[in-house]
Amino acid sequence: MKKALLWILLAIIIYPKTILSQSCNNLSIQHEADIVSTCGFMTLAMIHDQNNLPYLYVANKEDGLTVYDISNINMPVQIAGVPISSLGNLEVMNLFQQGNFLLLALGNHFANSGSAGGIAIVDVSNPAMPTVADHYAVPGSSSGAGVVKAEGDYAYLGAMKSGLVVFDISNVNDIEFVSQFIPDINYPVTNPNPNFYNARGLEVNNDIVYLCYDAGGLRIINCVDKFHPVETGRFANPVLYDPFNLPRAYNNLVVDDSLLYVAVDYCGVEVLNIADTANITLQGWWNPYNCPNNNWYTSPVHANEIQYDKNGKKLFLSTGKSDMMVVDVSNPANPDSCAMFGSVSNNIGTWGIGLWQNQLYLSYICTFGIPFASDWTGVKLLTYNSPAVGVQEQVISNAISIFPNPLYSATTIEITRELKSAIMYVYNSQGHRVKRAAIAGYNHTLNRDNLPAGIYCIQIVQGGKIFATKKIIIVD
């Protein structure tokens, strides 16, 4: 015990140095612009329009949803907003896009807020005029919400202490509660402090939810039966709980086939092998600050949100007082620091991070010394040299073939691999959605119906991610 206390005292006195052991000079991270807010309207999360329209959607907490035109990335312009008065007076904490709709995670989840957690659906078919389709507050919840994702006709809300909540969103104008699953908090320790167990970060893929449960580690939840979710796997790094329990927050994650990259507060990033979800193993660990022998208050890194450039094999992390760290995972067993944006001593700190092609977005929050001080809030817009951009566009285009194209009355979409529960959207040249259809299998017939002649874009979405996009031409 004396040795453990000595480690803590040393950590309070000595800041670990940032370690950048690999070169990422070819990334060439550039700061393009700032979107400035105020501490009364904190920015928490943001996403680029997933239909490749030049808009940025921002979860502006007390100010609700804000929409920016970033067609000129050096001069973002706010064009619209949705106040919390239109969202049941619940603050906007996180957001996700599926087709022409944004899903908002509602309810202040910061300590002791007492806020209900909820979800909203906002139609952004015209981003300059977002319209609330519906919103829903989870009965009995009082700790807000941390994250929302969707797959097909279902949305999944990380509702902090209220666990995982599943909704049917097949009718966007009528959100329906389906089920609620609160994981067992008696893991990885018994008789825990319940305040440390919160559903705050998640991904969903083929009805399986990968949930960051704060001090409760990672949970794998099978939601094939939406009415009866079942936990089928769990993991918490045993090093973090031995010889004594100082729980580190499992905050956020990304999925890459059989690997999970998990942001673990001031303990960096864990690389977990989930090939067998009943036997999850630690394959790698980015831990340059010697966790668990560091200290929450003095660590220069607080990894909160995470994005992944799959083709470049780079993780981008919002890391609190260190702004953003880039981690090379070309060797998942040995993840390594390779670049940084910002500095430990600039007195501002990040919360969220967004990624779109070669653009990065960092949200900054106001805090007053716990665990770091930051007196500026807003979004910093960055660009970098991404090897993923050209390759990704080519893959998305080549995933389907369309014949005939141009078409007069109908065409056949041939798909390179079997789809399950996918959604096809058709957009006109103004970016407005004109068709929606569920598709499955290897081919689909698209009928013209009453669409006028012109240029259109087909987008196929599976598992909440864009599987394919391609232009079609309709002629008379």
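Of the residues Tyr384, Tyr308, Tyr261, the one that meets the ring-ring contact (aromatic ring centres under 6.0 Å, His included) test with Phe316 is Tyr384. Only one option out of Val209, Val204, Ile423 pairs with Glu151 in a side-chain contact (heavy atoms from CB on, under 4.5 Å); it is Val204. Exactly one of Leu259, Leu272, Asn273 qualifies for a side-chain contact (heavy atoms from CB on, under 4.5 Å) with Pro332. That residue is Leu259. A side-chain contact (heavy atoms from CB on, under 4.5 Å) with Met93 holds for exactly one of Leu106, Val147, Asn108; it is Asn108. Tested against Phe341, the residues Met325, Met324, Gln30 include a single side-chain contact (heavy atoms from CB on, under 4.5 Å) partner, Met324.
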Please lay out, stage by stage, how Asp207 and Asn222 fare under the test side chain to side chain donor-acceptor pair (under 3.5 Å). CA-CA 6 Å; Asp207 301 312; Asn222 187 315; over 6 Å; no
Ile353/Tyr361 under side chain to side chain contact (heavy atoms under 4.5 Å, CB included): CA gap, chis, key distance, verdict: CA-CA 5 Å; Ile353 188 167; Tyr361 318 103; over 6 Å; no
Val77 and Tyr68: CA distance, side-chain angles, deciding distance, side chain to side chain contact (heavy atoms under 4.5 Å, CB included) verdict: CA-CA 5 Å; Val77 177; Tyr68 292 85; 5.9 Å; no
Derivation of the ring pair (Phe, Tyr, Trp, His ring centres under 6.0 Å) call for Tyr289 and Trp296: CA-CA 11 Å; Tyr289 305 103; Trp296 187 56; over 10 Å; no
Under the side chain to side chain donor-acceptor pair (under 3.5 Å) criterion, do Tyr266 and Asn294 qualify, and how do the steps go? CA-CA 8 Å; Tyr266 62 107; Asn294 55 349; 5.3 Å; no
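Considering CG of Asp134 and CD1 of Ile119, their distance stands at 9.5 Å, rounded to 0.5 Å. Put simply, CZ on Phe196 and CG on Asp214 are 8.5 Å apart, with the number rounded to the nearest 0.5 Å. Atom-to-atom distance recorded for Leu211:CG and Leu164:CG is 6.0 Å, nearest 0.5 angstrom. Taking CG from Asp69 and OH from Tyr55, the interatomic distance works out to 5.0 Å, rounded to the nearest 0.5 Å. How far OG of Ser363 is from CE of Met42: 10.0 Å, rounded to the nearest 0.5 Å. Here Ile348 contributes atom CD1 and Ser343 contributes atom OG; the two are 8.0 Å apart, rounded to the nearest 0.5 Å.
Under the 6.0 Å cut-off for aromatic ring centres, Phe167 and Tyr136 qualify, their centroids lying closer than that. Aromatic pair Tyr297/Phe372: ring centres not closer than 6.0 Å.
In plain terms, the two heavy atoms of Pro292 and Leu240 that are nearest each other are CB-CD2, 4.4 Å. The shortest heavy-atom contact between Glu91 and Lys61 is OE1-NZ, 2.8 Å. Contact record, Trp286 with Ser337: NE1-OG, 2.5 Å, taken as the closest heavy-atom pair. Closest approach of Gly217 and Ala236 over heavy atoms only: CA-CB, 4.3 Å. The heavy-atom pair separating Thr38 from Thr377 by the smallest distance is O-CG2, 3.0 Å. The two residues Val58 and Thr43 come nearest to each other via the heavy atoms CG1-CG2, 4.0 Å.
Side-chain N or O atoms of Asn287 include one that pairs as donor or acceptor with a backbone N or O of Cys291 at under 3.5 Å. For the pair Trp376 (side chain) and Cys39 (backbone), a donor-acceptor distance under 3.5 Å is absent.
A donor and an acceptor atom, one from each side chain of Asn100 and Asn51, are located under 3.5 Å apart. For the 3.5 Å distance criterion, the side chains of Thr66 and Gln78 fail to qualify, holding no donor opposite an acceptor. For Asp375 and Asn347, the side-chain atoms include no donor-acceptor pair closer than 3.5 Å.
With respect to Asp328 and Lys313, no salt bridge is recorded, no charged nitrogen being found less than 4.0 Å from a carboxylate O. Note on Arg219 versus Asp184: no salt bridge recorded, every NZ/NE/NH1/NH2 to OD/OE distance being 4.0 Å or above. A salt bridge does not link Lys226 to Asp153: none of the charged side-chain nitrogens sits closer than 4.0 Å to a carboxylate oxygen.
Relative to the ring axis of Tyr213, Arg200 does not place its NZ or CZ within 45° and under 6.0 Å from the centre. With Tyr364 as the aromatic partner, Lys380 meets the cation-pi criteria of under 6.0 angstrom to the ring centre and within 45 degrees of the ring axis.
By the 30° and 60° cut-offs, the orientation of the rings of Trp356 relative to His48 is parallel.
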